[in-house]
Structure formats: structure tokens, C-alpha cells
Amino acid sequence: MTHRQAFATVPLREQIAELLRVGLQDVQTTGALPPFDIPKIIAVDQSRHEAHGDYASPVCMGLAKVLRRAPLQIAQVVAQHIPAVDFVALVEVAPPGYLNFTLSTDWVAHQVPTILEAGESWGNVALGSGQRAQVEFVSANPTGPITIGSARNAVIGDTLASVLAAAGYTVEREYYVNDAGSKVRNFGASIFARYANLLGEDVPFPEQGYPAAYVTELAKHAQAEFGDRYLTQDRDTAIRALGLWGIARILDGVRDDLAQLRVHFDTWFSEKSLYESGLFDVMMAKLREGGYVVEYDGATWFRHPDLEKDAVLIRSSQVIPDPEDRPTYLASDIPYLWNKIVERGFDKAIYVWGADHHGDVPRVQAAAKALGVDVDRLVFVIYQMVTLLRGGQEVRMSKSSGEFVTLRELVDEVGPDPIRFMMLTRTVDVTLDFDLDLAVEQSDRNPVYYVQYAHTRIAGVLRKAVEEGCDLDAPGDPALLTHPSELALVRKMLALPEVIALAANGMAPHYLTFYATELASLFHAFYRDCRVVSTAPEDAALTQARLMLARAAQHVLARVLHLMGMDAPERM
RNA sequence: GUCCCCGUGGCGCAAUGGACAGCGCACCUGGCUUCGAACCAGGGGGUUGUGAGUUCGAGUCUCACCGGGGACUCCA
């Protein structure tokens, strides 16, 4: 579990919105303009062009209609009422009605010691205000090794969890183990068949079984561990026992594989426990009471007005042949959401699901409504699928045929850093081509190393400084940081809090990769323009100031890399 | 058939409803006798799939259409 943050700042964008709010209120109270409603959300954007300052607000344009005045004129009045603060040097009015804010370069330079002191907590914001958020992700069926698709899930979920923690949420990471239902039985039957074959028994392989090689491997382990014990007992009992044993073994592998990708879970939650605890039955009774359950075609269905004529199968012995009459996969989602929100009291339950599950979203939401659970506390992050490319060719994957690339193979071949970075370079909404050849390539064509290179380059500069006898911990004078490249670098560092807020609000971890790349780029520009380590005596103070800046930049780069679950190397 | 995602320079992608739509790859030119060239600087290249609508303002929102991918009781 990630605990509450000790350090947080308010993003500059919000601070400027607050200045505008105060200014607009002042306009009201002084009667400088006719009365109007102050917008609840005051839009402030980072300026895209230098000529427009650092931040810009179009708020006055929205007021033009109500006030029946030209936006430019309104902006001119409002600008007069913006309170003076140390961090804003200039408020300008620009046609057709923008208010442009320019940060004080002196103030910007003086933030460097603050950033340095904050260290790895720089960027934290108090968005979550200690609310408890659970991120449930991966949750792949434990009937086989984790594949490349789950890698995207793992990286998105884990990074989102880190981002939410940085945004002030108390975060838990959870893996939902599908250890109930007919899958377990088919899996157990598959192991049993291979196991029996190894012992010379002619047991046919189940139709719905898992023919992959790892099942035979499991059977060999079972033979070594249990001998012929499972041939001598009741077959159903044996299949069940081998199924659960197999799942436990697969999960051990899953845990190891994910650890290689630097993904760790606080909780491994058993689907089976939802039935064993009786919660499923309690939920069914509750739904029945509300009239949300219907029976027909020999099956039990969940119905809700939101789903129109689309009823959801809950339990059937006819529609899906199952001797144990088990509830369906979807049925488990109902007690599970209750468990998350009501029993465990998470303020937010975040589901990271592949696009192949998007159809289940309205069903779970409808179930939440039927149970009286606030739907807004369930957040669904649906990401598009991954295709793996090797030699420009798509590598087809199919668990049933047993042909797939496992996460383990991928990590062994590529390493965790390129996987994590590449999985985060796109929005979750677009399908991702994972190019194996590019990922393993250690060259400037591989974008992964661009950011890490900036970090090591700083490390190199600092090593050089120590060689020259510099004291890295000695304070530098921020007032000496006046070069445009120095100030551009600091401005980008100052933007981290709003990047984290943006990523957390939008459940959009890809902002981190873009930010990291921009930050690295600005460091490289600084490096080009500003010599850091100078041995000339008259440069001593400037060297000290730039060392301070370089160290701060290194911290911020490391912070972002760590949020993405990547290494921040001293050497490459 | 119903639903979801995508359509932006040659290719791959960004852009919290705001100003002249950015970045990487590829291509062309230039930069290491001083801190790491896995780097930097400059250049060419765009009617944001089409058509309407909402808005002071649309790549972004709505509708229709076209094209690609996916889901619809195994799958991340």
C-alpha cells in the first residue's frame, strides 16, 4: 500500500486560476463591470507560444455574451484587478480577449532549491486528499502464463497506481484471481488427462481443455510430487484438486513474471472467496428483492432498465453445460464490486480492462445501480489491444493453440524498461504495435534511452564536478540562473505537478512519457548552451548554481522514470 | 444486427473546447582538441477521412456517411 504523501504542491495552473477567481470577485465587489456569475471552472492553459507568456486564460471570452461587451474590453478590466503575486511578473491582454500570464524569471530560478529539497516528492499534488483508491489490474486467468497483452495491462495499472499515489490517493494494487467457475475444472481436467497419460492410463483429453505444452509440464511436476495418488481417488475430486494445485503453481509463475516487470500487488483476491463467504448469495437475494432477477430458459438472468433487452446470464446449467451449476464469470463481478466499495470502503475502484471486456462495463455499472452503489466510484480504464511485431511480421497469439509469446520471454529478451516505456507511449485508446526488434535495439532509434541518457549524462557531469573538486551539496545562488535554456528547464520542472494532476484526472499515464521526453530535451539544450563545470576561478559561483540546477533536473527525471516503473541509471 | 476504439505531414503518434496543430522515425544540411555525439542546431513536408450542426471559438462535442480494427456467454 502506498501511504499518504508528506509533500504536495498546488499546480501553477490552479494557482493562476485562483488569481483569476480573486480578480473576478474584485471586479464584482468594486462594480467595475456589471454583475455576472463567476464560472465554477476557470480555464487556464499552458501557452503554446512564447509570445503568449507561460499561462493563458480565455475566461473573458466566455463572459462577453452575458456582459454584452467586447471580450478584449472585459479582459482589460479584469487584468487591472488580478492581485500582484511574487510568481507572476506580467499579466497581458491579447486579442481577441486572452489574459496571458508570464512567470517571474527571478521567481522561477529561485524554485530550484525548493525542487531539489523536495527530491522524489517533487510533483506530488493533493488531488486525492487521502481518499482510498484501489487499482485492480492484470487479473488474467491463472490457467496459463501471462502474455504480452497482460503486459500492457500491467504497465498501465501499475503506473496509474503510482500516479494516483503521487496525486494524493492512498492506493492499493489488486490482482483478481479467477479461481472459480468452469475454467478451473477444464484446466484441472487437462492436467489430469496429461498426468494420467504419463502414468499409462488412457484418459481422453477434454474438449474444452488447454492443449499447451505448459500443461504437460505441470502434469510432470504433479507426477513427481504426488505419484499416482490422483488415479486412485474419485475422479471429480482429483480433477478439482489438480485444478486448484495447477492454478497455485501458475500464480507463482505469474507473480515472478510480474516482479520481473517491477509490478507488485498488495492483494491477490480470490473470486472463489466471494462464493465461500456467502456474499454471492446475499447479493442475489438483494437483487431478487429489487426485481432485477429473472428466470427463463432454465437459467438465471440479471436485468436492469439501463441494459434494455440485454439480460445478463448469472447462473445456468443448461446454457453453459456445467455439472456443478456454477455461476458465470460475470456473476462474480456483482459481489466483487460490493466487496470493493461497501465491505472494504474504497472511494474509487479502478478497473483496468482490455478492449475485449468493454461490453461488460454497462453491466457492472447497472449492477452497481441495482445495489445502490454510487456508479461514479467505479472507474473503468479500457485500453486497446496489443499486436506484437517481429521482423515486421505480426506474431499471432492464441492461448488455446498454445502459441503465444509470454511476458517472461519478452522481459528476458527486452528488459523491463523498454517494455514499460513503450507501453506508455500511446494513449490507452489506440491499439499498440509492439515492435520487438526496435525494443531490443540499443541505439538512438529507440526512444526509451533518450530519457535515461539525459539522466546518465547529468550523472557524468556530476562525476566530473567531483573530480574537479566541487562540493555538490554546497548551496548555489539561484539568481545566477538567467540563461533562457536554464529557465526553460526549470519551467518544465515546475510543470510536473500539473502533469501528474492531468494523468490522474484523466487516467492517462501516457502523459508521463511525453513529459519525460520534453524534460530530457530541455536538459540537452541546457547542456549545449551552458557549460556546467568550469575551472576558472571567476566562474565558481556560476558552476555551483548550475550544479544545483543539474542535480534538481536529475531528481525530477528520476522521479518521472520511477513513476513509470523504470530505472534511472547513473551509467549506460 | 447492436456496441466500443481509431482515422492528424511518407510512417508511427501528441494536442486538459481556445491563439500560427506539435513530437519521434525516415529524408537533406551542419556541429565533438574542453562536463558522455545514445546528443544538438537548421530544413523540406498538413484543407486534422467526408458532409452538416452546436459554440464567440471545433482536431477535440452532436448527427450522418466512408474506411480500418475490436467486442457481443474462453481471451488483457
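Just so it is clear: chains get the letters A, B, ... in the order the sequence lines come, proteins before strands, and each one is counted from 1.
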Discussion item. So if I take every side-chain heavy atom of A:His49 and compare against B:C39, B:G69, B:C20, which nucleotide ends up nearest?
Written reply: B:C20
Worksheet entry | Residue whose nearest RNA chain B nucleotide is more 5′ - A:Thr425 or A:Arg48 | A:Thr425
Discussion item. Over all strands shown, is A:Gln46 touching base, sugar-phosphate only, or nothing at heavy-atom distances under 4.0 angstrom?
Written reply: base
Item to complete: Just call it for A:Tyr383: base, sugar-phosphate, or nothing, with non-hydrogen atoms closer than 4.0 Å on any strand.
Response: base
Practice prompt. Determine the Euclidean distance between corresponding P atoms of B:G42 and B:U47; express it in Å to zero decimal places.
Written response: 24 Å
Worksheet item: Does B:U62 have a Watson-Crick or wobble mate here (both distances under 3.5 Å), and if so which one?
Response: B:A52
Worksheet entry | A:Tyr176: which of A:Phe269, A:Tyr351, A:Trp268 passes side chain to side chain contact (heavy atoms under 4.5 Å, CB included) | A:Phe269
Worksheet item: Under the side chain to side chain donor-acceptor pair (under 3.5 Å) criterion, do A:Ser521 and A:Glu518 qualify, and how do the steps go?
Response: CA-CA 5 Å; A:Ser521 174; A:Glu518 290 159 12; over 6 Å; no
Discussion item. Strictly below 4.0 Å: does A:Lys65 bring a side-chain N or O up to OP1 or OP2 of B:C56?
Written reply: yes
Worksheet entry | Gap in Å between the two C1' atoms, one belonging to B:A26 and one to B:C61, rounded | 35 Å
Item to complete: Side chain of A:Ser47 only, please: which of B:C75, B:C56, B:A19 is the nearest?
Response: B:A19
Worksheet item: Roughly how far apart, to the nearest Å, are B:G9 and B:G31 at atom P?
Response: 33 Å
Worksheet item: Touch check for A:Ala501, heavy atoms < 4.0 angstrom, all strands: base, sugar-phosphate only, or nothing?
Response: nothing
Practice prompt. Return the stacking result for B:C3 and A:His358: yes when the ring centres lie under 5.5 Å apart and the planes under 30°, no otherwise.
Written response: no
Fill in: Between B:A41 and B:G24 - P atom distance, rounded Å
9 Å
Item to complete: Under a 3.5 Å limit for both distances, which nucleotide forms a Watson-Crick or G-U wobble pair with B:G24, could you say?
Response: B:C11
Worksheet item: If you measure from the P atom in B:G49 to the same atom in B:G59, how many Å do you get, rounded?
Response: 10 Å
Fill in: Chi-angle category of B:C20 [syn within 90° of 0, anti beyond]
syn
Fill in: Verdict with supporting geometry, A:Asp54 and A:Arg491, salt bridge (charged side-chain N to carboxylate O under 4.0 Å, His left out)
CA-CA 9 Å; A:Asp54 294 298; A:Arg491 279 195 193 90; 3.0 Å; yes
Worksheet item: Is the shortest side-chain N to carboxylate O distance from A:Asp158 to A:Arg173 below 4.0 Å?
Response: yes
Worksheet item: Relative to the 5' end of RNA chain B, which residue comes earlier, A:Ser150 or A:Ser521, by the nucleotide with the nearest heavy atom?
Response: A:Ser521
Practice prompt. Could you measure between the two P atoms, the one in B:G45 and the one in B:C3, and give it in whole Å?
Written response: 43 Å
Item to complete: Determine, for A:Lys464 against A:Glu468, whether the closest basic-nitrogen to carboxylate-oxygen distance falls under 4.0 angstrom.
Response: yes
Worksheet entry | Reading 5' to 3' through nucleotides 23-37 of chain B, protein heavy-atom contacts under 4.0 Å coded B for base, S for sugar-phosphate only, - for none | --SS-------BBBS
Worksheet item: With rounding to whole Å, what would you report as the distance between B:C65 and B:C28 at their P atoms?
Response: 46 Å
Worksheet entry | Touch class at under 4.0 angstrom, heavy-atom based, for A:Asp429 against every strand present | sugar-phosphate
Worksheet item: Under the side-chain hydrogen bond (donor to acceptor under 3.5 Å, both in side chains) test, which residues partner A:Glu441, sequence neighbours left out?
Response: A:Ser443, A:Arg445
Worksheet item: Counting only distance, no hydrogens or angles, is the base of B:A19 paired donor-acceptor with the side chain of A:Asn100 under 3.5 Å?
Response: yes
Worksheet, complete the sentence: Any strand, both distances under 3.5 Å, Watson-Crick or G-U wobble: B:G67 pairs with B:C6
Donor-acceptor pairs under 3.5 angstrom involving side-chain atoms of residues 45-53 of chain A: please list them, not counting sequence neighbours.
unit_1, atom_1, unit_2, atom_2, d
A:Gln46, NE2, A:Glu498, OE2, 2.7
A:Ser47, OG, A:His52, O, 2.9
A:Ser47, OG, A:Gly53, O, 3.3

Worksheet, complete the sentence: From the list A:His524, A:Gln452, A:Gln554, side chain to side chain donor-acceptor pair (under 3.5 Å) partner of A:Arg457 resolves to A:His524
Practice prompt. Respond yes when some side-chain nitrogen or oxygen of A:His510 is under 4.0 Å from OP1 or OP2 of B:A15, and no when none is.
Written response: yes
Practice prompt. Using both distances under 3.5 Å as the test, list the Watson-Crick or G-U wobble partner of B:A41, or none.
Written response: B:U29
Discussion item. Using the six-membered base ring of B:A19, report whether A:His52 stacks on it, requiring centroids under 5.5 Å and planes under 30° apart.
Written reply: yes
